[in-house]
Student: 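Below is one structure. I have some questions about it.
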Amino acid sequence: MTNIPWIEKYRPQTVDELLGSDSLRELIRGFIRKRDIPHLLFSGPPSTGKTTTALILGRAFYGDSLAGNFLELNASDERGIDTIREKVKEFAKTIPNNDVGFKIVFLDEADALTTDAQQALRRMMEVYSQHTRFILSCNYINRIIPPIQSRVAIIKFSPIPTDQIHRLVDKIVEREQIDIDDRAKEELIEIARDDLRKIITILQSAHYASNGRKIDTKTIESISGKVSTDRAKEIITLIIQGKRDEARDRTISMLDEGNDPEEIIQAILRAIDSSNLPSLDESRKIEMIRKISEYHYRITQGANPYIQLIAMIIDIGS
Ligand SMILES: Nc1ncnc2c1ncn2[C@@H]1O[C@H](COP(=O)(O)OP(=O)(O)OP(=O)(O)O)[C@@H](O)[C@H]1O
Ligand SMILES: [Mg+2]
């Protein structure tokens, strides 16, 4: 199985492998020890381990008989609440064939359901609660109606700390025997900020694309479709040195290469944020960020991104 996507290959199978906070791992261990869970709502940003944790619980409770006891549904895939209701009804009508005493319905992306659909879901949670536990997951908890929130234990998932991401990347690099330079590794983690799924996916693509050559920041840049922080740093350095025209020309050539203005802005923000820039004091930093946010806002409001970006470079240089 060489072609299995690394996000699956490196998806944790046990609580011990799960990255994130100690308290989260302790909580999950507690459920497994007690062999019981209340209805749960996992809430947090993408790729922080919500689906992974639901699967870990399922595997811990049911082992090899996961299939008959764990139903995974995706609220945004299914054709509406009626389909979900039918599937849950079908699944829940047989007595659990396990020693835990309940089956699990895992409803991913519950925040994609309309309010009416969530009302129907709430009733389902009550009707089937004797032999079924619901685990819901969402990115935005404010989109979950209060009656559901009050019927579940809410577990918050936070972005994985950067040092843990570094360790995982190092582990994958070693296992897969990837040839990558340190700066490219940094860039990969900076570019995909907090999004572990993206980090792993870019790493796998870069490995395949590099064809045995050492992966450098250019490879990461072209695979991710992102602008490298290094290039943005060069622009900021020119600005600090008062070489505004040169900074503008660099920006124009980046645009001419087809880079998305939004990506250039993100890279510039990362560059300003990174600590090793010479002689950029805190107040100048804040002033730059304030100006950038204004130009960014204008772009989101429909102003021409090309013109705004060039104006922005001139403005933060003055
Ligand atoms: N806490 C974590 N520990 C280790 N790996 C993780 C963790 N979170 C995410 N990953 C990695 O990212 C991939 C995606 O994680 P997962 O599917 O659990 O995200 P999610 O929180 O359900 O995201 P979404 O909101 O997009 O559904 C996993 O296969 C795994 O490789
Ligand atoms: Mg998920």
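Counting starts at 1 for both ligands and their atoms, following the listed order. Remember, predicted model here, so these are calculated numbers, not experimental data.
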Student: Is it the case that over 12 heavy atoms from other parts of the model lie below 6.0 angstrom from the CD atom of Q130?
Tutor: no

Student: Check this for me: Y306, atom OH, are more than 12 non-hydrogen atoms of other residues, nucleotides or ligands nearer than 6.0 Å?
Tutor: yes

Student: Look at the rings of F157 and F42 and say which category their plane angle falls in: under 30° parallel, 30 to 60° tilted, over 60° perpendicular.
Tutor: tilted

Student: Could you enumerate the protein N, O or S atoms under 2.8 Å from the Mg ion (ligand 2), written like residue then atom name?
Tutor: T51 OG1

Student: Given R183, which of D216, D230, T217 fulfils the side-chain hydrogen bond (donor to acceptor under 3.5 Å, both in side chains) condition?
Tutor: D230

Student: If you take all heavy atoms of T48 and I160, which pair is closest and at what distance?
Tutor: O-CD1, 3.9 Å

Student: May I ask you to decide whether D36 forms a salt bridge with R133, counting only side-chain N to carboxylate O separations under 4.0 Å?
Tutor: yes

Student: Between side-chain atoms of residues 169-177 and protein atoms elsewhere (two or more places apart, or another chain), which donor-acceptor pairs fall under 3.5 Å?
Tutor:
| unit_1 | atom_1 | unit_2 | atom_2 | d |
| --- | --- | --- | --- | --- |
| D170 | OD1 | K185 | NZ | 2.8 |
| E176 | OE2 | K9 | NZ | 2.7 |
| E176 | OE2 | Y10 | OH | 2.5 |

Student: Could you note down all residue pairs passing ring-ring contact (aromatic ring centres under 6.0 Å, His included) where residues 114-153 supplies at least one of them, sequence neighbours left out?
Tutor: H39-F134

Student: Mind jotting down which protein residues get a heavy-atom contact under 4.0 Å with ligand 1? Chain and number order, please.
Tutor: I7, Y10, R11, P12, L18, L19, P46, S47, T48, G49, K50, T51, T52, N139, I160, L196, R197, I200

Student: Salt bridge between D82 and R85, side-chain N to carboxylate O under 4.0 Å?
Tutor: yes

